[in-house]
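Everything quoted here is computed from the prediction, not taken from an experiment.
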Amino acid sequence: MYNLEVDFSNSMVEESKILEYKKVVSDIHKTLSKNSNKNDEFLGWLTLPTDYDKEEFSRIKSAAEKIKSNSEIFIVIGIGGSYLGAKAIIDALTDSFYNLKDEGTPKILYAGNNLSPRYLIDLIDYIGDKDFSVNVISKSGTTTEPAIAFRIFKEMIEKKYGKEEAKNRIFVTTDKVRGALKTLADQAGYETFVIPDNIGGRYSVLTAVGLLPISVAGINIDKLMKGALTAQKRFDNDNLESNPCYKYAVVRNILYKEDKNIEILADYEPKLHYFAEWWKQLYGESEGKDLKGIFPSDASLTTDLHSMGQYIQEGRRNLIETVLNVVNAEKNFEIKEDKENLDGLNYLVGKSLDYINKKAMEGTIIAHVEGGVPNILINIKNLDEESIGELVYFFELACAMSGMLLGVNPFNQPGVEKYKTNMFKLLDKPGY
């Protein structure tokens, strides 16, 4: 069994309908493979599990050990793909209350992902006199949110430790040769890591962008890359009958043509909440163009069954539901007997909480399918590094295929610039 299996039995799409896409899927697969080494195609992530920079990978692990040895807090400064992927994997693979415990590794906190002064001041207050290091992640160094945060934390770290020691506590992930942040890092002598030219931000989690914070959290990045490599080898074919990655892309496009224009990524494991946030950016920014695209949403179940459950069950029938199911629970306990049984739960005695959670999931899938919501079930063998590495690559490749089936460029984001232009005008930025 692979770490990842996809069940399309409740997708409401016939296999014969899926196989009508064999030719176009094969053509797109060949185009992706042919262009994978072209810098201007932003397809570097496609072969990343095979050809990542081994020397930099080793430096990432060394830097992580340095940070773990001298810091109680590690501040990750970035926005969008510059922090979401790392947070998604850290949350999925560490203790649910990681930042509230002494795990022997620094607490991982985030800045530069919003413009709230309250958030920033609260974060600065929390740091207080604690030892900390910073990783600023930005291709250019001029993106407003992380640039403001880095200016503030650079001043803090230099004031606390002095400019010389700051060199040992500021880590920069940026362009290899150009940009304001690269220039600053070279002048100051900070250790730098590379955002590859041919990998866009939302596809960058398995580069230094994500790997340094993930490694600082004590997660085995060798196993993470091994999982991604397994996925790369498994899905590198155009056989639509046996390639669940491409089949997922095709099914969602078929349903989109049937006016199913909202996809809910549902999970029954709170640790996957930020994985869904990463997925939302990946698909929203990749497909939402030219007045097209499935709107990516998420639901944390069973929690959201008590808030959004009514709509999913009986609201507009424009929904697709993709469910993430972790097959094996690494932590579990059984329900014990209560003699008074005032809560009426004794019928559950001897059953594990994971078993109950799974039955809630199965019952919900049945109800939603009967209510007209197509369902795709993704079974994840374990919540571990290899499984998550496979899942990341699965969604990245499926997103590329899905966007190209939709007829958009899944690797650019021209619409993101509009708010920036308006904001700069309102702030009287020179040139605007």
If you define the side chain from C-beta out and look only at heavy atoms, does anything of I199 sit under 4.5 Å from T207? yes
Donor-acceptor contact below 3.5 Å, side chain D338 vs main chain N341: yes
Looking at E14, I'd like to know if its CD atom is crowded, meaning that more than 12 non-hydrogen atoms belonging to other residues, nucleotides or ligands lie closer than 6.0 Å. no
Between the side chains of S297 and E263, does any donor sit under 3.5 Å from an acceptor? no
Determine the minimum heavy-atom distance between A185 and T192, stating which atoms define it. CB-CG2, 3.5 Å
Are any of the side-chain nitrogens in E65 or K61 under 4.0 Å away from the carboxylate oxygens of its partner? no
Does E103 reach the main-chain N or O of Y98 with its side chain, forming a donor-acceptor pair under 3.5 Å? no
So, do E277 and Q281 sit near enough that their side-chain heavy atoms are less than 4.5 Å apart? no
Please tell me whether E390 and N3 have a donor and an acceptor in their side chains that are separated by less than 3.5 angstrom. yes
Judged by atom type as modelled, is there a donor-acceptor pair below 3.5 Å linking the side chain of K223 to the main-chain atoms of I219? no
Which heavy atom of I214 sits nearest to which heavy atom of L224, and what is that distance? CD1-CD2, 4.2 Å
Which heavy atom of E191 sits nearest to which heavy atom of A63, and what is that distance? OE1-CB, 4.1 Å
Indicate yes or no: does R234 engage E5 in a salt bridge with an N to O separation below 4.0 Å. yes
Would you give the length of the straight line joining atom NZ of K336 to atom CG of N346, rounded to the nearest 0.5 angstrom? 13.5 Å
Salt bridge flag under 4.0 Å for residues D186 and K182: yes
Is it the case that the side chain of N243 and the backbone of N237 share a donor-acceptor pair, with hydrogens and angles ignored and the cut-off at 3.5 Å? yes
Mark yes when over 12 heavy atoms from residues, nucleotides or ligands other than K17 sit less than 6.0 Å from its NZ; otherwise mark no. no
For the side chain of K289 and the backbone of S286, is there at least one donor-acceptor N/O pair under 3.5 Å apart? yes
With a 6.0 Å cut-off (strictly less than), is the heavy-atom count around NZ of K23, excluding the residue itself, greater than 12? no
Contact summary for S36 and S33, nearest pair of heavy atoms: OG-O, 3.0 Å
For S140 and D175, does a side-chain donor sit closer than 3.5 Å to a side-chain acceptor? no
Short question: side chain of Q232, backbone of Y393 - any donor-acceptor pair under 3.5 Å? no
Please confirm whether Y203 and F411 have ring centers closer than 6.0 angstrom. yes
Other residues, nucleotides and ligands only: do more than 12 of their heavy atoms fall within 6.0 Å of NZ on K358? yes
Option passing salt bridge (charged side-chain N to carboxylate O under 4.0 Å, His left out) with D197 (candidates K176, K139, K38): K139
Check whether the side chains of E314 and Q310 place a donor and an acceptor atom closer than 3.5 Å, and report yes or no. yes
Would you find more than 12 non-hydrogen atoms of other residues, nucleotides or ligands less than 6.0 Å from Y419 atom OH? yes
Taking G293's backbone N and O only, do any of them form a donor-acceptor pair with Y256's side chain (distance below 3.5 Å, no angle check)? yes
Do S387 and N382 have a side chain donor and acceptor closer than 3.5 Å? no
When you measure from the side chain of R252 to the backbone of V250, do you find a donor-acceptor pair of N or O atoms at a distance under 3.5 Å? no
Quick check against the 3.5 Å criterion: does D7 have a side-chain atom that pairs as donor or acceptor with the backbone of L377? no
With rounding to the nearest 0.5 Å, note down the distance linking CZ in F57 to CG in D53. 10.5 Å
Minimum-distance pair of heavy atoms, taken over all atoms of Y268 and N357: O-ND2, 3.0 Å
Heavy-atom pair of closest approach, residues I312 and L319: CA-CD1, 3.9 Å
Any donor and acceptor pair, going by atom type alone, linking the side chain of K22 with main-chain N or O of I18 inside 3.5 Å? no
Please tell me whether D354 and N332 have a donor and an acceptor in their side chains that are separated by less than 3.5 angstrom. no
Is a donor from one side chain sitting under 3.5 angstrom from an acceptor on the other, for D51 and T47? yes
Lys/Arg-Asp/Glu bridge criterion (N-O < 4.0 Å) met for K280, E285: no
Contact between W45 and V205 at the side-chain level, heavy atoms closer than 4.5 Å - yes or no? no
Is it the case that R169 places NZ or CZ above or below the six-membered ring of F171, under 6.0 angstrom from the centre and within 45 degrees of the axis? no
State the CG-NE2 distance between N239 and H29, to the nearest 0.5 angstrom. 10.5 Å
With side chains defined as the heavy atoms from C-beta onward, is the minimum distance between L43 and N198 less than 4.5 Å? no
Ignoring hydrogens and geometry beyond distance, is a side-chain donor-acceptor pair present between Y248 and S402 at under 3.5 Å? no
Aromatic F235 / basic K233 pairing, under 6.0 angstrom, 45° off normal: no
Starting from the C-alpha separation in whole Å, work towards a yes-or-no answer on side chain to side chain contact (heavy atoms under 4.5 Å, CB included) for F193 and V209. CA-CA 8 Å; F193 301 96; V209 169; over 6 Å; no
Would you say NZ of K418 has more than 12 non-hydrogen atoms from neighbouring residues, nucleotides or ligands within 6.0 angstrom? no
Looking at K247 and E15, is any side-chain nitrogen of the basic one under 4.0 Å from a carboxylate oxygen of the acidic one? yes
Do K107 and D102 sit within salt-bridge range, that is, some charged N less than 4.0 Å from a carboxylate O? no
With ring centroids as reference points, do W278 and Y274 lie under 6.0 angstrom apart? no
Distance (rounded to the nearest 0.5 Å) between I157 CD1 and D131 CG: 9.5 Å
As a quick check of understanding, evaluate side chain to side chain contact (heavy atoms under 4.5 Å, CB included) for N379 and V6, giving each step before the final call. CA-CA 6 Å; N379 291 308; V6 188; over 6 Å; no
CG/L93 to CZ/F275 distance, rounded to the nearest 0.5 angstrom? 10.0 Å
Close side-chain approach of V373 to K260, heavy-atom, < 4.5 Å: no
Show your working on side chain to side chain contact (heavy atoms under 4.5 Å, CB included) between L305 and T302 and close with a plain yes or no. CA-CA 5 Å; L305 292 176; T302 60; 4.0 Å; yes
More than 12 heavy atoms from other groups under 6.0 Å of CG on D343: yes
